[in-house]
Amino acid sequence: TRRQRQMFIRDRDETINLIVTGFNRGGLLVEGDNIQGFVPVSHLVDLPGERIDEEREELLSDYVGQSLLLKVIECDPDRGRVVLSERAALAKPGKRKQLLDSLECGSHVWGSVTNITDFGVFVDLGGLEGLIHVSELSWGRVRHPSDTVGLGDKVEVFVIKVDGERSRVALSLKRLYPNPWESVDNRYQPGQITDAIITSILPFGAFARLEEGLDGLIHVSEMGQTNEAIKPSDLLYEGQQIQVRILQVDATRQRLGLSLCLERQPETIPVRESFEEV
């Protein structure tokens, strides 16, 4: 049956040739040899994931009618879901299963970044992809995964979980390093003045980084301005080095409350017009 065929091919880690019958924004529809499935964009060798939507659609349409050498990387017959990969097919037969069997929770391995999404980063471990969820990228605040890594980057990752049944691997970047929040009380106390770097600006305030993994919020009310109509973006810019006063340290909730020290800045903070051209 089709169900048995799908499971057999996945378990044997075989490569198969399937015809591309269609596409959507996320990838290609393929079928043949009693199998129908889907190939995500991130699993196509010659289609980088950073393509803009219009260009991606045109490139995907060129695949229709072509035969691709693929491997089944996920199979859920009950949901009618079969996911295949052209990238995984580059590895020798049995390599995927070998990797799954060899990976251990807590181990450190190297891989290449193959796709970056809003929810995380996919890393090829040599024929098997793992996911670094956005919450596992840094101990600090991550605005978007693309701010942390780039496509094609070689990265060392920490293995959190290996699901052999579903052929899934959960990875982490932040667990390669100590959690700075566990010792934050030893380094920072309310009233202390320290250096920081602005990492992002929002309508209600700005986030500033004291050290890797430790980001705190400077609320707009703590920017030393009496004008209620002031915008944080009129006063600060990303990457700016400033000095802040620690207002609150909450290690349990991983939160830092900060205040901008206007009188302690190395230089007067430039107004918006002075750095808009930088």
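Position 1 is the first residue of the sequence, and the numbers go up from there.
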So do [Y] and [X] actually touch side chain to side chain, heavy atoms under 4.5 Å?
| X | Y | value |
| --- | --- | --- |
| Ile116 | His144 | yes |
| Val123 | Val149 | no |
| Asp118 | Val134 | no |
| Leu60 | Val20 | no |
| Val142 | Asp147 | no |
| Thr194 | Arg187 | no |
| Phe23 | Val41 | no |
| Leu125 | Leu171 | yes |

Point-to-point distance, once rounded to the nearest 0.5 Å, from [atom1] of [X] to [atom2] of [Y]:
| X | Y | atom1 | atom2 | result |
| --- | --- | --- | --- | --- |
| His219 | Leu247 | NE2 | CG | 12.0 Å |
| Lys174 | Glu212 | NZ | CD | 12.5 Å |
| Leu18 | Glu86 | CG | CD | 11.5 Å |
| Ile160 | Ser172 | CD1 | OG | 4.5 Å |
| Leu176 | Glu136 | CG | CD | 10.5 Å |
| Leu28 | Ile19 | CG | CD1 | 12.0 Å |

Under 3.5 Å, is there a donor-acceptor pair between the side chain of [X] and the main chain of [Y]?
| X | Y | value |
| --- | --- | --- |
| Gln189 | Asp185 | yes |
| Asp153 | Val155 | no |
| Arg168 | Leu131 | no |
| Thr199 | Phe207 | yes |
| Gln192 | Ile246 | no |

To check you understand the geometry: which heavy-atom pair defines the closest contact between [X] and [Y], and what is its length?
| X | Y | value |
| --- | --- | --- |
| Gly22 | Val64 | CA-CG2, 4.2 Å |
| Pro232 | Met223 | CB-CE, 3.8 Å |
| Trp139 | Tyr177 | NE1-O, 3.2 Å |
| Ala251 | Val184 | CB-CG1, 3.6 Å |
| Ser200 | Glu238 | CA-OE2, 3.8 Å |
| Val249 | Pro190 | CG2-CD, 4.5 Å |

- Give a yes-or-no answer on whether the side chains of Glu129 and Thr114 include a donor-acceptor pair shorter than 3.5 Å. yes
- Message: If only side-chain N and O atoms count, and only distance matters, is there a donor-acceptor pair under 3.5 Å linking Glu211 with Tyr188?
- Response: yes
- Passing candidate, salt bridge (Lys or Arg N to Asp or Glu O under 4.0 Å) with Asp215, options Arg255, Arg209, Arg141: Arg209
If hydrophobic clusters are built by linking Ile, Leu, Val, Met, Phe, Trp and Tyr wherever their side-chain heavy atoms come under 4.5 Å apart, do [X] and [Y] end up in the same one?
| X | Y | value |
| --- | --- | --- |
| Leu151 | Val121 | yes |
| Leu128 | Phe122 | no |
| Val244 | Leu217 | no |

- Quick one: which of Val30, Leu69, Leu84 gives a side-chain contact (heavy atoms from CB on, under 4.5 Å) with Ile16? Leu84
- Steps toward side chain to side chain contact (heavy atoms under 4.5 Å, CB included) verdict (Ile132, Val113): CA-CA 10 Å; Ile132 309 173; Val113 175; over 6 Å; no
- Message: Is it the case that over 12 heavy atoms from other parts of the model lie below 6.0 angstrom from the CD atom of Glu104?
- Response: no
- Between Leu29 and Phe38, is a side chain to side chain contact (heavy atoms under 4.5 Å, CB included) present by the stated rule, with each step listed? CA-CA 5 Å; Leu29 306 175; Phe38 181 72; 3.7 Å; yes
